[in-house]
A.B. asks: 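First the structure, then my questions, so here it is.
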Amino acid sequence: MRPASIRGRRLRRTESLRRLVRETELVPHDFIHPLFVEEGSGLRRPVPSMPGVFNFSVDTAVEEARRARALGIDAVLVFGIPPTKDPEGSPGWDPEGVVPRAIRAIKEAVPDLVVIADVCLCEYTDHGHCGVLVDGEVDNDRTVPLLARTAVAYARAGADAVAPSDMMDGRVAAIRAALDESGFGMTSILSYAVKYASAFYGPFRDAAQSTPRAGDRRGYQMDPANLREGIRMARRDVAEGADWIIVKPASTYLDVLREVRRAVDVPVVAYHVSGEYAMLEAAAANGWIDGERAMLEVLTSIKRAGADRIVTYYAPKAAALLGGVRS
Ligand code: PBG
């Protein structure tokens, strides 16, 4: 009998052969490292639902930023946990709030590290929603100016990019206009253009203390069932002035990632979210999967599907592994 003419195994025989024909390769600068920052000093508070992830104070966030830089990571994404909250989320745009102070401190200590600031009201509102409530509903048009104000405060502190994650309509255009008017024409907008109302944000809300007191976010975040809507939103945000965009979550939306990558020509960042991280960590801790291999497989899949860069809580661990450094 004639042997099989196509033998895929010929190029799978050794690691050098496999490496030579590998189509997708992860590198340390693929990753954006999320940092949670709160008041205090010397803080490194473990997030219970995310083993290996910590809440920092400004000083320890700077140390963590230095460590990330040394591992070959190019960017951090900063989230704030304020000491007080109110119905409008005003601690969000306080120039002396924890996020502006963290931005200033990180930029001073590690100037070439790209600092991206998440812009949303949910960490700052006492009800935990991403905008201002009017008759129990998040009011889009009252929220947008507050987001723009927050974005300007972060740009003034030195952020290289602001990343609106609130899902209000029109916020990209409003933020662009506000940044330009305030003299921050070079601050980029990394829009969470395609963000689904996902069950996988649970551990993040533990870390950021931002679980809504009542209701959920389905009135403003996207329905997980919709792909075409994602493409429309990606195009809309680019038209409004987004310089780069986020698709989120990542591993359960690889189809969306691929299609969005094809539909727009700006950089597309995938956000491998807290629940995706927690799931892998829980299975690995139980000995049910090999955590390191699963991590690399998932991150590779996200890049293969079309992500230019990946926000992930695995950033330091993956960068250390890929760079041959001990984390
Ligand atoms: C703020 C925000 C959230 C995440 C990023 N920015 C939470 C949410 O929308 O509920 C989720 C990140 C994660 O789960 O890792 N709106």
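Order of listing sets the numbers, starting from 1, for every ligand and every atom in it.
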A.B. asks: Considering only non-hydrogen protein atoms, determine which one is nearest to atom 5 (C) of ligand 1 and report residue, atom name and distance to 0.1 Å.
C.D. replies: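 Going atom by atom, the protein heavy atom closest to atom 5 (C) of ligand 1 ends up being Lys248 NZ, 2.6 Å.
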A.B. asks: Number the atoms of ligand 1 from 1 as they appear, then name those within less than 4.0 Å of a heavy atom of Gln221, with their elements.
C.D. replies: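 Atoms satisfying the 4.0 Å criterion: 8 (C), 9 (O).
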A.B. asks: Can you tell which part of Asp166 has a heavy atom less than 4.0 Å from ligand 1: side chain, backbone, both or neither?
C.D. replies: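 For Asp166, there is no contact with ligand 1 at all, from either part.
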A.B. asks: Find all atoms of ligand 1 within a distance of less than 4.0 Å from any non-hydrogen atom belonging to Cys122, and give their numbers and elements.
C.D. replies: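 Near Cys122, the atoms of ligand 1 are 1 (C), 16 (N).
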A.B. asks: Among Tyr196, Phe204, Tyr192, which one has a heavy atom closest to atom 12 (C) of ligand 1?
C.D. replies: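 It is Phe204 whose heavy atom sits nearest to atom 12 (C) of ligand 1.
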A.B. asks: So does Arg218 have more than 12 non-hydrogen atoms from other groups sitting under 6.0 Å from CZ?
C.D. replies: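 No.
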A.B. asks: Do other residues, nucleotides or ligands put more than 12 heavy atoms under 6.0 Å from the CZ atom of Arg228?
C.D. replies: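 Atom CZ in Arg228 is not crowded, with 12 or fewer foreign heavy atoms closer than 6.0 Å.
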A.B. asks: Does this structure show an ion pair linking Arg19 with Glu15, if we count only N-O contacts that are shorter than 4.0 Å?
C.D. replies: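 A salt bridge is present here (some side-chain N lies under 4.0 Å from a carboxylate O).
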A.B. asks: What do you reckon, does Glu123 have a nitrogen or oxygen under 3.5 Å from a nitrogen or oxygen of ligand 1?
C.D. replies: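 No, there is no polar N/O contact under 3.5 Å.
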A.B. asks: Checking the side chain of Asp308 only, and the main-chain atoms of Val268 only, is there a donor and an acceptor separated by less than 3.5 Å?
C.D. replies: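 Looks like yes, one N/O pair under 3.5 Å.
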A.B. asks: Could you check Arg69, Lys107, Arg66 and say which one makes a salt bridge (charged side-chain N to carboxylate O under 4.0 Å, His left out) with Asp112?
C.D. replies: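 So, applying the salt bridge (charged side-chain N to carboxylate O under 4.0 Å, His left out) to Asp112 and each of Arg69, Lys107, Arg66, only Arg69 qualifies.
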A.B. asks: Indicate, as side chain, backbone, both or neither, the part of Tyr277 found under 4.0 angstrom from ligand 1 when only non-hydrogen atoms are considered.
C.D. replies: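 Within the 4.0 Å criterion, Tyr277 makes no contact with ligand 1.
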A.B. asks: Evaluate whether atom CD of Glu229 has more than 12 neighbouring non-hydrogen atoms of other residues, nucleotides or ligands under 6.0 angstrom away.
C.D. replies: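 Correct, the count exceeds 12.
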A.B. asks: Checking a contact table here: which protein heavy atom is nearest atom 1 (C) of ligand 1, and how many Å away?
C.D. replies: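 Result: Ser165 OG, 3.3 Å.
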A.B. asks: In a check of side chain to side chain donor-acceptor pair (under 3.5 Å) between Tyr314 and each of Glu281, His272, His33, which one passes?
C.D. replies: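 That would be Glu281.
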A.B. asks: What atoms in ligand 1 come closer than 4.0 Å to a heavy atom of Tyr313?
C.D. replies: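 That gives atoms 12 (C), 13 (C), 15 (O) of ligand 1.
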A.B. asks: Quick test: of every protein heavy atom, which one is nearest to atom 14 (O) of ligand 1, and how far off is it to 0.1 Å?
C.D. replies: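 Looking at atom 14 (O) of ligand 1, the protein heavy atom closest to it is Ser274 OG, 2.7 Å.
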A.B. asks: Establish, for the pair Arg45 and Phe54, whether the NZ or CZ atom is under 6.0 angstrom from the six-membered ring centre and no further than 45 degrees off its axis.
C.D. replies: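 Geometry flag: not set, cation outside 6.0 Å or 45°.
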A.B. asks: Which heavy atom of the protein is the closest neighbour of atom 9 (O) of ligand 1, given with residue, atom name and distance?
C.D. replies: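 The closest heavy atom on the protein side is Lys195 NZ, 2.7 Å.
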